[in-house]
There are 2 protein chains.
Amino acid sequence: MRLSNLADYAVVTMSAAARHCGGARTSAAELAAETGLPVPTVQKLVSKLSAAGLLRSTRGAGGGLQLARPAAAITVADIVEAVEGPIALTACVEGTDCSVEHDCTVKPHWPVVNEALRGALAAIPLTQLARTREIA
Amino acid sequence: MRLSNLADYAVVTMSAAARHCGGARTSAAELAAETGLPVPTVQKLVSKLSAAGLLRSTRGAGGGLQLARPAAAITVADIVEAVEGPIALTACVEGTDCSVEHDCTVKPHWPVVNEALRGALAAIPLTQLARTREIA
DNA sequence: ACCAATCGGAACGATTTGGTCCGATTTGAT
DNA sequence: ATCAAATCGGACCAAATCGTTCCGATTGGT
């Protein structure tokens, strides 16, 4: 019931990137310096975040990163799904395979819990996390 | 963002145990047979569930298990916490240690998300899961 | 007092996660 | 047009956790 460290770092990284909205181009090294995370870790994160369509990466000498969408349109759920894959509490939700064979009475209830959780994460936009000191 | 298989199995096991409310004494082997889970796995689960105070175990020849509380007073959050420990999305919530050193702007917001998640799981009592076929 | 059945804890193996490194690609200047 | 610098992207390796299995300690019945 704990999300991975990578997902946690991804949220922090995106939050730092959101503050660079003015200077559109930011580098992974710069984000690492601001967040205090290891540089290679941030590189791996921006790779996944770019593949998920949350960051727009520009290669080359003067390249860098920028948010693909406005910060208000990016939620914690988006970031978590980009790093950890789809939000699915159990294997039942994705229909992968259920070890419990026959009459699994709990199976119909998991999607309800799953959506409740996803809704809680989707309710937090990136703009709220980027605020420096204010608590929600 | 996926809870462990053990936690999933624990919910199924508790759901099966709730159906034995009449015949107070149930064995771990019987629960395993009903759920289709491996017997040693169920044994490990009942150990943790008993230590958490959700199940009451009686040792000896004619011993067995029974719910320590009414099924209506046991929620999914209780079961998950019994198996996986406290519900804490990030290390920040527990105050263990935060790799992000100085100005972590996201830190104040995690408890809010954490409580929202816990509330979603605490809203599902065991009685709801024990129903045979009805969907919530 | 003996036996049988049960829970409780400890050890092993497998899988996923986290961290590090190097190569491919693109832009800017000369 | 060529060179050089800086960037992202993917691949490799170590570590921790999770899942499973097995064996011992305890208890009640006979």
Report the distance from atom [atom1] of [X] to atom [atom2] of [N], rounded to the nearest whole Å.
{"X": "A:L6", "N": "C:dG19", "atom1": "CG", "atom2": "C1'", "value": "9 Å"}
{"X": "A:L3", "N": "D:dT17", "atom1": "CG", "atom2": "P", "value": "16 Å"}
{"X": "B:E30", "N": "C:dA5", "atom1": "CD", "atom2": "P", "value": "15 Å"}
{"X": "A:R2", "N": "C:dT17", "atom1": "CZ", "atom2": "P", "value": "15 Å"}
{"X": "B:L37", "N": "D:dG19", "atom1": "CG", "atom2": "C1'", "value": "12 Å"}

> Does the pair B:E81/B:R118 count as a salt bridge with the N-to-O cut at 4.0 Å?
Replying inline: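 Salt bridge present between B:E81 and B:R118.
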>> Can you confirm whether B:R69 is buried at CZ, in the sense that more than 12 heavy atoms of other residues, nucleotides or ligands lie under 6.0 Å from that atom?
In response: yes
List the atom pairs, with distances to 0.1 Å, where a side-chain N or O of residues 38-48 of chain A and a protein N or O form a donor-acceptor pair under 3.5 Å, not counting sequence neighbours.
{"unit_1": "A:S47", "atom_1": "OG", "unit_2": "A:Q43", "atom_2": "O", "d": "2.9"}

> With A:M14, which of A:V76, A:D78, A:L54 fulfils side chain to side chain contact (heavy atoms under 4.5 Å, CB included)?
Replying inline: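 Answer to the side chain to side chain contact (heavy atoms under 4.5 Å, CB included) test with A:M14 among A:V76, A:D78, A:L54: A:L54.
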> Do side-chain atoms of A:D8 reach the backbone of A:L3 as a donor and acceptor pair under 3.5 angstrom?
Replying inline: no
>> I need a per-nucleotide contact map over nucleotides 5-16 of chain D, read 5' to 3'. Cutoff is protein heavy atoms under 4.0 Å; write B for the base, S for backbone only, - otherwise.
In response: -BSBB-B-----
> Does the side chain of B:S4 get closer than 4.0 angstrom to OP1 or OP2 of D:dC18 through an N or O atom?
Replying inline: no
> Taking side chain as C-beta onward, heavy atoms only, is A:W110 less than 4.5 Å from A:V113?
Replying inline: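 When only atoms from C-beta onward are counted, A:V113 and A:W110 do touch, with a gap below 4.5 Å.
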